[in-house]
Participant: 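The following block contains the structure, expressed as structure tokens.
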Amino acid sequence: MRKLVYRYLWFTIGVIINAFGVALITKAALGTSPISSVPYVLSLRFAPSLGAFTFVMNLLFIAAQVVLRGRKFPPIQFLQIVVNLVFSVFIDIGMKVLWWFEPTTLPIKLVALVLGCAVLGFGISVEVAPDALLVPGEGVVGAITDRTGKRFGSIKIMFDVTLVIIALILSFIFFHGVNGLGIGTVVSALIVGRFVNLYNAHLPLIPRIRMLRAVAVPQTAQEAAVREEKKPEEVEPKG
């Protein structure tokens, strides 16, 4: 029981770190991560915050999982709603903590972007290590993978590209140009996973967290395949 509590505690810590990573990438003002691209563009146009739009989008991802998996949707994965709430709230907290940070020169923006990717990568490593729950973005990709039979990584790429395209369309509709997207969107998609691999290979904390894994929660066959595909050296970035 204690191991189970620690697993979910580390998972929650990882989610919170992820939120601050997203906030820092966003504050770099070079374009946010792909998974946050749609909520960010919407937050630039409408009153609700980035965290609020993130919460709504992830609720849609959870609903999509329920529809795609039907009776095969594990009830414990409804805890993704709680995960979504924590993640969304801490994105807004991160943005408020960094209210003073408004980089104006390209070198500072690039440093902030890379630092944000490093933080996000660390959060992903910590979140995945205890193998506790799926996050909504990962869950919906896994559900699509289950229905199509395609590889998780391939669906993840198409999923991220689709989100960026939707964000780009919304940007042109609202601002008649590109706003909220940029080189940072591409960079985060390319290097966050590399940071994850680095932490998994060299950070002693990660294998220690993995040692907390108890008997696995029952999964669908596809969820098990997703976990197998997402080995430490091949973890998919959230953003």
Participant: Please tell me if the side chains of Phe11 and Ile209 come closer than 4.5 Å, counting only heavy atoms from C-beta onward.
Facilitator: no
Participant: Is there a donor-acceptor pair closer than 3.5 Å between any side-chain N or O of Arg213 and the backbone N or O of Ala129?
Facilitator: yes
Participant: Quickly, which of Leu44, Ile169, Val41 forms a side chain to side chain contact (heavy atoms under 4.5 Å, CB included) with Phe174? Name it, please.
Facilitator: Val41
Participant: When hydrophobic residues are tied together by side-chain contacts of less than 4.5 Å, even through go-betweens, does Val186 share a cluster with Val164?
Facilitator: no
Participant: Return the CD1 to OG distance between Ile165 and Ser37, rounded to the nearest 0.5 Å.
Facilitator: 10.0 Å
Participant: For Leu59 versus Asn84, what's the shortest heavy-atom pair and its separation?
Facilitator: N-ND2, 3.6 Å
Participant: Run the side chain to side chain contact (heavy atoms under 4.5 Å, CB included) test on Trp10 and Ile13 for me, step by step, so that the C-alpha distance in whole Å, both residues' side-chain angles and the decisive distance to 0.1 Å come before the verdict.
Facilitator: CA-CA 5 Å; Trp10 277 113; Ile13 291 172; 4.0 Å; yes
Participant: Taking Val82 as the starting point, is it possible to reach Leu133 by hopping between hydrophobic residues whose side chains are less than 4.5 Å apart?
Facilitator: yes
Participant: Can you see which heavy atom on Leu212 is nearest to which on Lys3, and at what distance?
Facilitator: O-CB, 3.5 Å
Participant: From Arg45 CZ over to Leu170 CG, what is the distance, rounded to the nearest 0.5 angstrom?
Facilitator: 11.5 Å
Participant: By side chain to side chain donor-acceptor pair (under 3.5 Å), which residues pair with Asp92, not counting sequence neighbours?
Facilitator: Ser49
Participant: What are the two closest non-hydrogen atoms of Pro39 and Ser36, and how far apart are they?
Facilitator: CD-O, 3.3 Å
Participant: Give the table of side-chain donor-acceptor pairs shorter than 3.5 Å for residues 96-113, with sequence neighbours excluded, one pair per line with atom names and distance.
Facilitator:
{"unit_1": "Trp100", "atom_1": "NE1", "unit_2": "Val97", "atom_2": "O", "d": "3.0"}
{"unit_1": "Glu102", "atom_1": "OE2", "unit_2": "Lys27", "atom_2": "NZ", "d": "2.7"}

Participant: Any donor and acceptor pair, going by atom type alone, linking the side chain of Asp160 with main-chain N or O of Pro34 inside 3.5 Å?
Facilitator: no
Participant: Do Thr12 side-chain atoms and Tyr8 backbone N/O form a donor-acceptor pair below 3.5 Å?
Facilitator: yes
Participant: Output, in order, the C-alpha distance, side-chain angles, deciding distance and verdict of side chain to side chain contact (heavy atoms under 4.5 Å, CB included) for Phe53 and Tyr40.
Facilitator: CA-CA 8 Å; Phe53 276 118; Tyr40 186 50; over 6 Å; no
Participant: Can Val135 and Phe87 be said to form a side chain to side chain contact (heavy atoms under 4.5 Å, CB included), step by step?
Facilitator: CA-CA 9 Å; Val135 295; Phe87 181 61; over 6 Å; no
Participant: Check Ile91 against Ala23 and note the closest heavy-atom contact, atom names and distance.
Facilitator: O-CB, 4.0 Å
Participant: Checking the side chain of Ser154 only, and the main-chain atoms of Lys150 only, is there a donor and an acceptor separated by less than 3.5 Å?
Facilitator: no
Participant: Does atom OH (Tyr6) have a neighbourhood of more than 12 heavy atoms from anything else shown, all under 6.0 Å?
Facilitator: no
Participant: Taking only residues two or more places apart in sequence or in another chain, which ones pass side chain to side chain donor-acceptor pair (under 3.5 Å) with Thr54?
Facilitator: none
Participant: With heavy-atom distances below 4.5 Å as the criterion, would you say the side chains of Leu68 and Phe73 are in contact?
Facilitator: no
Participant: For Ser171, what residues pass the side chain to side chain donor-acceptor pair (under 3.5 Å) criterion, not counting sequence neighbours?
Facilitator: none
Participant: Just verifying a value: how many Å separate Asn18 CG and Glu127 CD, rounded to the nearest 0.5 Å?
Facilitator: 5.5 Å
Participant: Measure the shortest side-chain to side-chain distance between Phe78 and Val66 over non-hydrogen atoms and say whether it is less than 4.5 angstrom.
Facilitator: yes
Participant: Would a hydrophobic clustering, with Ile, Leu, Val, Met, Phe, Trp and Tyr connected at side-chain separations under 4.5 Å, put Ile166 with Val161?
Facilitator: yes
Participant: State, with a plain yes or no, whether a side-chain heavy atom of Ser33 is found less than 4.5 Å away from one of Val192.
Facilitator: no
Participant: How long is the gap from CG on Leu4 to CG on Leu9, to the nearest 0.5 Å?
Facilitator: 11.5 Å
Participant: Report the C-alpha distance between Phe20 and Leu120 in whole Å, list the side-chain angles of each, state the deciding distance to 0.1 Å, and finish with yes or no for side chain to side chain contact (heavy atoms under 4.5 Å, CB included).
Facilitator: CA-CA 7 Å; Phe20 279 98; Leu120 181 57; over 6 Å; no
Participant: Not counting sequence neighbours, list each pair that qualifies as a salt bridge (Lys or Arg N to Asp or Glu O under 4.0 Å) and has a residue in residues 185-196.
Facilitator: none
Participant: Evaluate the side-chain proximity of Val187 to Leu30: yes if any heavy-atom separation is below 4.5 Å, no if none is.
Facilitator: no
Participant: Please answer: with hydrophobic residues joined when any side-chain heavy atoms are less than 4.5 Å apart, are Val56 and Val38 in the same cluster?
Facilitator: no
Participant: Tell me whether Asp131 is salt-bridged to Arg7, with the criterion being a basic N under 4.0 Å from an acidic carboxylate O.
Facilitator: no
Participant: Roughly how far apart are Ile62 CD1 and Met57 CE, rounded to 0.5 Å?
Facilitator: 11.0 Å
Participant: Atom CD of Gln65 and atom CG of Leu134: how far apart are they, to the nearest 0.5 Å?
Facilitator: 6.5 Å
Participant: Search all heavy atoms of Pro130 against all heavy atoms of Val126 and return the closest pair with its distance.
Facilitator: CD-O, 2.9 Å
Participant: Where is the tightest heavy-atom contact between Phe152 and Gly142, given as atom of each residue plus distance?
Facilitator: CE1-N, 3.8 Å
Participant: Can you name the side chain to side chain contact (heavy atoms under 4.5 Å, CB included) partners of Ser125, sequence neighbours left out?
Facilitator: Val196, Tyr199, Asn200, Ile206
Participant: Without swapping roles, check the side chain of Ser88 against the backbone of Phe55 for a donor-acceptor pair under 3.5 Å.
Facilitator: yes
Participant: Applying ring pair (Phe, Tyr, Trp, His ring centres under 6.0 Å) to Phe159 and Phe61, what does each step give before you reach the verdict?
Facilitator: CA-CA 11 Å; Phe159 183 74; Phe61 289 164; 5.3 Å; yes
Participant: Same cluster or not: are Val86 and Ile81 linked, directly or through other Ile, Leu, Val, Met, Phe, Trp or Tyr residues, by side-chain heavy atoms under 4.5 angstrom apart?
Facilitator: yes
